[in-house]
Amino acid sequence: MAAVAAVAASVVVKHTFVLAHLRFVPTRSLVSEVRIAHLCNETLVTVANGRLPGLAVEVTERDAIAVHVVNKSPHNITIHWHGLKQRLNCWADGVPSVTQCPIRPGHNLTYRLNVTGQEGTLWWHAHVSCLRASLHGAFVVRPRRAYPFPKPDKEIPIVIGEWWNLNLAQLAKNMGDGCYDDSSSATTINGKLGDLYNCSVKVYWILLSIPGKTYLLRLVNAALYSEYYVKIAGHRFTVVGADANYVHPFATDVVAIGPGETVDALVVADAAPGRYYMVALGGQAPKPDIQIPETRSRATVRYTSGGGGEAPPPVAPEMPDQHDYMVSFNFHCNMSSLRRRHPRPPPRADESLFVALRMGSVCRGGRASCKRSGSKESIIVETMNNLRTLPDRPARPFNFTDRALIPWGPNEAWLEPTEKAAAARRLRHGAVVDVVFQNTAVVDTDNHPMHLHGHDVFVLPQGHDNYDAARDAARYNLVDPPLKNTVLVPRLGWAAVRFVADNPGVWYMRCHYEFHLSMGMAAIFIVEDGPTESTSLPAPPSEFLTCNHAHRLVPNELYLKNTNTTGARVNEA
Ligand SMILES: *[C@@H]1O[C@H](CO)[C@@H](O)[C@H](O)[C@H]1NC(C)=O
Ligand SMILES: *[C@@H]1O[C@H](CO)[C@@H](O)[C@H](O)[C@H]1NC(C)=O
Ligand SMILES: *[C@@H]1O[C@H](CO)[C@@H](O)[C@H](O)[C@H]1NC(C)=O
Ligand SMILES: *[C@@H]1O[C@H](CO)[C@@H](O)[C@H](O)[C@H]1NC(C)=O
Ligand SMILES: *[C@@H]1O[C@H](CO)[C@@H](O)[C@H](O)[C@H]1NC(C)=O
Ligand SMILES: *[C@@H]1O[C@H](CO)[C@@H](O)[C@H](O)[C@H]1NC(C)=O
Ligand SMILES: *[C@@H]1O[C@H](CO)[C@@H](O)[C@H](O)[C@H]1NC(C)=O
Ligand SMILES: [Cu+2]
């Protein structure tokens, strides 16, 4: 009876996404939500339903959702439902050539989704290289019962993104050709550039705060390139969730959010009535690493009783240094899961992987040897230990976080050689898997937001420098580690995660910096079927059975037959 009641209580939410090409026309006046001024120029972008960001999908936990995607753009498209666990439903995960064939121009596809046991903020985005910069939106899952904190008076999605003057298909092509010199033209907050850019809407009002009320900000970082530090002058955040899992509430004046991450934070409108800037500042590794121009945008928070024509200028927050990566490290270390809502991790792992995240280079034209260290003879790639089977450890360990390797140059050329390979690893159903992601100083020293599809991971701890099993495994938090789908692996440090491989299917694990992904920082976990029908992956929907009507797909083997993943592997020669 309980099961029947649960089904009866859930609602089928239906959405239609019409993907189209829109030309944003420069204008200096804010006439409507869609006529946005973008840096005094016209750029052709692909968007859903004519909006940037796209529609926020809003559902209640346990709803069934059907999203009908009609592709009227000239590109092959898939839509990934970022962070949805997609239990027994990897077919709707939206990874081209891994779980489905892309939706070709003029074609359409219905994604059938369920959200069970997840509450908070997720998001959706195109899973075709750089097009996700304009094809994305929030995916809000409200609780069926109550929030584990006082009910907010209002909820506001805040999607941080990037605007590119460069055509996004061209950007993807440049990356495919080994060119990583492009950088975004502007940072956006809910698609708006704010008042720091030319030809932009002079002011973007983000809230109309009513004194004393509590607002739930649902923050999403949809950017291709940058982690962001977010502050609101005169206000503090109480972080209550991340990646659609509740965290033990903690107060902070700055939110650090990596690409692919989401953060739910309460803000009380308790400042003096007036106007306050909300600023999103892109963080980056300090010199001598290669630098990109500073990225920053701002919106204005206004109280209903404040801000008339002659009002004083908005108060600006004091932002951290864009190079102070400890802001991000501290923020992420302050997360722990809300114990009354989430389970403890299993006490021990069945399998342990040590994955060194690093760059390398491959010779152009498939040659065996070439000049490295930035020579045109080689292409820079990203690697994850990579062998065809994603081995347990890197083939050639080195002092991963040796500062002498910064900046990139001839002194690390010997570490560069790698090869292209597709990295996949089979996992037994129910296996408890530990992955230690070790960041390295080879070529650059970015944080890496590592995103696993189909599962949340417990972030046991993170630390600086080289992981030391004898010392660090003893410090694992097995009581209340936060549950995430994207773990930010700190620069010159490491993060250890644990997950239960209980969702049969083919699941992507990738870095959420788009240029790192395009350079090959991706691998596949193939989770085997369990012993019963209810632990086995059903057959794919009939419309998924063919790519170009060429070959029939077999569950769990789609990836192996049809991969175009470009994981690189360490050359052991
Ligand atoms: C507008 O875009 C074109 C083509 O990308 C470029 O040549 C031109 O410099 C841009 N103009 C401005 C004002 O940014
Ligand atoms: C779309 O993908 C198909 C393979 O599924 C390929 O043949 C075709 O060239 C692609 N079209 C575009 C516009 O990229
Ligand atoms: C979706 O595709 C089917 C089969 O190709 C077609 O019959 C139908 O008209 C399409 N629907 C829309 C809304 O484009
Ligand atoms: C989603 O849930 C509904 C109701 O429980 C069920 O009928 C449907 O098959 C589920 N869909 C998927 C894709 O799992
Ligand atoms: C705005 O335009 C002026 C004049 O063209 C230029 O000097 C300035 O650098 C531009 N500012 C930004 C932020 O692009
Ligand atoms: C939590 O954040 C504060 C700053 O808000 C920082 O001082 C502190 O070190 C952080 N705690 C941990 C465990 O990192
Ligand atoms: C690794 O490099 C760091 C920083 O350059 C250095 O402090 C440390 O001693 C090195 N460790 C080993 C084992 O060589
Ligand atoms: Cu990365």
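Basis for what follows: all heavy atoms, side chains included, without hydrogens, waters or symmetry-related copies. Source: prediction; values computed, not measured. In each ligand, atom 1 is the first atom listed, and ligand 1 is the first ligand listed.
Using a 4.0 Å cut-off between charged side-chain N and carboxylate O, D456 and K85 make a salt bridge.
Among the candidates H127, H80, H82, the single residue satisfying the ring-ring contact (aromatic ring centres under 6.0 Å, His included) test with Y508 is H127. Considering T121, L219, V239, V247 as possible partners of D264, the one that fulfils the side chain to side chain contact (heavy atoms under 4.5 Å, CB included) test is T121.
A donor-acceptor contact under 3.5 angstrom links the side chains of H68 and T110, judged on distance only.
The atom of H448 that is an N, O or S and sits closest to the Cu ion (ligand 8) is ND1. When you scan the N, O or S atoms of H516 for the one nearest the Cu ion (ligand 8), you land on ND1.
The protein does not reach atom 7 (O) of ligand 3 closely, with no heavy atom under 4.0 angstrom from it. Within a 4.0 Å radius of atom 14 (O) of ligand 7, the protein contributes at least one heavy atom.
Residues passing the side chain to side chain contact (heavy atoms under 4.5 Å, CB included) test with A441 are L405, I406, T445, L492, sequence neighbours excluded.
In terms of protein heavy-atom proximity, atom 5 (O) of ligand 7 is closest to D402 OD1, 2.8 Å. Closest protein heavy atom to atom 10 (C) of ligand 3: N108 ND2, 2.4 Å. For atom 2 (O) of ligand 7, the nearest non-hydrogen atom of the protein is N399 ND2, 2.4 Å.
Distances between N or O atoms of R403 and those of ligand 7 include at least one value under 3.5 Å.
Relative to the ring axis of F525, R425 does not place its NZ or CZ within 45° and under 6.0 Å from the centre.
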